[in-house]
Amino acid sequence: MKKFLAICLAAGGSLTAAAAGPGSPGALQVSIRPNAQLSTLIDFSYLSNNGTYVVSSRIAHNERVTKNVRYPLAPKAQIVYLNNEEYLVGAGETLILEMALENIIQSGKERWGGVGQIAGKTKAKAMKHMLPRMIDSAYNIVDAAVPLETFDRDMAAVRSFFNASVEAAGLSADERALIIAYESGRRLMHKQSYVRSHPEAGKMEGFSKWYYDEFDIANPHFDGIAHNIVLKQIVDAWWVGRKMEDPKLADEFEMVDLMRFAKAELMKQEAAKVWLYSETRYRQFSTAVKNVYPVLNGTLKPYPQKKYIDSLYKSYAVMDRGLPMPQFSTKNAAGKTVKLSDFKGKMVVMDFWANWCTGCIANLPKFKAIEEKYKGKEDIVFLTIAWEEPGFDELWRELSAKHKIEGEHNLILTINRESKEYQNFFKVISLTGVPRYIVLDKEGNYLDNSLSILLGEKVEQQILDFYNEQQ
């Protein structure tokens, strides 16, 4: 460990750097050398001149060179990303990157190499713009599976290396504050890895002091980290510690507490955006979404991310309890057209599944078992609806017979990418994956837009409660 850190500390050479002054915009300038092995996209993530996150891509083609492509940077110190490689750039500086494909590594992934320099008038150490990468490399070699004493010793060695690197790099006040915030987040993420390997650590005396040592979620300088996923990872690591302190905390309070305590606006915006996207994708218009959105709406500033959050919320709010599910029609195994309106006056429980979804198929017998408990009742109907590509009708019939779900209520909804009606239906119900279980009241209104995919006693009780409400 010490040998590695010493090598890193000695690695920087002299470069030129521009310091155009506080408030001056900078730039990211990129040149890509061609390579006959691959045509691919290189992703850049940075804070643009208006302070929002921008991700741009450029193709590195074997017959073409992209020279001196410039991206304007916000007039502040920031950490920019090139294919997840980090560079520290000061306010008003231009980071010049000359990139070339080095080789193709396992799994078909490419490895890019390059020369980076800060263009301008004054002298600076190469170590400066390499600091984020050096921090990551150092923490990556700290083994999270070792005993706590060894882990703490190795983490302390990294901290000493970091402090020495910061002193040697000749940073401005803003650059120093940003890299300290970045290192604290990276350190917290590695402690998160440790407690996942050693869950008993959460019970040790002084856990909070150890876990959050020199980390502050209210640090405003997190806004200089120009990568939404990295920001969300830092927030998640912070939340793991909160949950270790109080296991009864509901997950939805991650965003509520973040809005209360965090001072970095872009961190809040990006974390909320990622959280809402994930929550709605997998749980649709859940109770957590309904509870958290008013907090987000009342806290976040009108950034582009906030506009996305508002739009996403509204697209799922149409599935709130008591609102009507859009009408649709399809066919059953006998070829008969079946409409949702055919079941008016009955509570409807729907199972959307597909032949390629092993979890869906495993749940079919469980869904059938729940249906059997309502056998003979005329005011409730269970629909199995296969979501299939064209040409899979025969496979659908075979699977239906195998799992004993044949009958007039076993339906197939064939994907039709040319139909606006079809596209609008799936957009409105936000069918982003299967299995998906939806419950409607006797008027065709939502009772639950997404029951748990873990079909068991809890789901059975929910369905029974809904049924009793309808009597």
Side-chain angles (χ1 to χ4, degrees), residues 22 47 51-53 74-79 86 88 90-91 131-132 135-136 139 155 158-159 162-163 166 171-195 202 206-276 291-306 309:
L47 291 177
T52 61
Y53 286 116
K76 60 184 293 185
Q78 61 178 284
I79 296 172
E86 313 93 328
L88 174 63
L131 271 174
I135 292 167
D136 281 5
Y139 277 121
M155 293 287 281
V158 174
R159 289 297 306 284
F162 167 72
N163 291 334
V166 168
L171 303 179
S172 70
D174 286 345
E175 293 164 353
R176 186 184 183 93
L178 170 57
I179 202 65
I180 287 174
Y182 179 80
E183 187 275 336
S184 74
R186 190 66 182 82
R187 176 162 30 92
L188 188 71
M189 289 162 61
H190 208 63
K191 287 186 177 180
Q192 176 192 14
S193 298
Y194 182 85
V195 298
F207 167 78
S208 295
K209 183 179 180 180
W210 169 83
Y211 189 76
Y212 291 119
D213 181 35
E214 295 188 40
F215 176 86
D216 185 3
I217 194 64
N219 190 327
H221 296 285
F222 287 124
D223 267 358
I225 301 174
H227 202 295
N228 57 352
I229 301 302
V230 174
L231 287 174
K232 185 60 166 64
Q233 288 171 339
I234 293 172
V235 170
D236 288 345
W238 164 73
W239 185 247
V240 165
R242 298 273 286 126
K243 290 279 285 185
M244 296 287 279
E245 292 172 319
D246 184 1
K248 295 181 180 180
L249 275 175
D251 288 337
E252 64 192 69
F253 282 101
E254 177 182 5
M255 287 299 108
V256 174
D257 281 2
L258 183 69
M259 296 302 115
R260 289 174 58 199
F261 300 125
K263 299 291 177 60
E265 182 65 26
L266 284 176
M267 169 183 262
K268 294 192 290 186
Q269 297 268 350
E270 291 294 340
K273 176 182 172 182
V274 173
W275 177 85
L276 187 63
N291 289 343
V292 171
Y293 175 76
V295 178
L296 303 181
N297 190 44
T299 305
L300 296 175
K301 295 179 180 179
Y303 282 28
Q305 296 89 334
K306 174 60 164 55
I309 289 168

Taking the side chain as C-beta and beyond, is there a heavy-atom pair between [X] and [Y] under 4.5 Å?
X: Leu171; Y: Leu88; result: yes
X: Ile179; Y: Ile135; result: yes
X: Trp239; Y: Leu258; result: no
X: Asp236; Y: Lys232; result: yes
X: Ile217; Y: Asp257; result: no
X: Tyr293; Y: Ile309; result: yes

When rounded to the nearest 0.5 angstrom, what distance separates [atom1] in [X] from [atom2] in [Y]?
X: Glu183; Y: Leu178; atom1: CD; atom2: CG; result: 12.0 Å
X: Glu214; Y: Leu188; atom1: CD; atom2: CG; result: 12.5 Å
X: Asp216; Y: Lys263; atom1: CG; atom2: NZ; result: 8.0 Å

Taking all atoms of both residues into account, what is the closest heavy-atom pair of [X] and [Y], and its distance?
X: Ala264; Y: Pro220; value: CB-O, 3.7 Å
X: Met244; Y: Gly202; value: CE-CA, 3.3 Å
X: Met259; Y: Ala272; value: CE-CB, 4.4 Å
X: Ala181; Y: Ser184; value: O-OG, 2.7 Å
X: Glu254; Y: Val235; value: OE2-CG1, 3.4 Å
X: Phe162; Y: Ile180; value: CZ-CA, 4.0 Å

query: What's the verdict on side chain to side chain contact (heavy atoms under 4.5 Å, CB included) for Lys76 and Asp223, showing C-alpha distance, side-chain angles and the deciding distance?
result: CA-CA 10 Å; Lys76 60 184 293 185; Asp223 267 358; 3.7 Å; yes
task: Could you walk me through whether Lys191 and Asp213 pass the side chain to side chain contact (heavy atoms under 4.5 Å, CB included) test, one step at a time?
output: CA-CA 10 Å; Lys191 287 186 177 180; Asp213 181 35; 3.8 Å; yes
- prompt: For the rings on Phe215 and Phe222, is their centre-to-centre separation under 6.0 Å?
  reply: yes
- prompt: When the ring planes of Trp210 and Phe207 are compared, do they come out parallel, tilted or perpendicular, using 30° and 60° as the limits?
  reply: tilted
- prompt: Could you go step by step and tell me if Arg159 and Arg187 meet the side chain to side chain contact (heavy atoms under 4.5 Å, CB included) rule?
  reply: CA-CA 9 Å; Arg159 289 297 306 284; Arg187 176 162 30 92; 3.2 Å; yes
- prompt: Will you find, in the side chains of Glu86 and Tyr182, an N or O donor that is under 3.5 Å from an N or O acceptor?
  reply: yes
message: Using side chain to side chain contact (heavy atoms under 4.5 Å, CB included), reason through Ile234 and Ile225 one step at a time and then give a plain yes or no.
response: CA-CA 11 Å; Ile234 293 172; Ile225 301 174; 3.9 Å; yes
query: If you measure from the Lys or Arg side-chain nitrogens to the Asp or Glu carboxylate oxygens, is any gap between Lys268 and Glu265 under 4.0 Å?
result: yes
message: Assess whether a salt bridge exists between Arg242 and Asp246, defined as any Lys/Arg side-chain N lying under 4.0 Å from an Asp/Glu carboxylate O.
response: no
[X] (side chain) donor-acceptor with [Y] (main chain) under 3.5 angstrom:
X: Lys306; Y: Gln269; result: no
X: Gln78; Y: Leu47; result: yes
X: His190; Y: Tyr139; result: yes
X: Arg186; Y: Pro132; result: no
X: Tyr212; Y: Trp238; result: yes

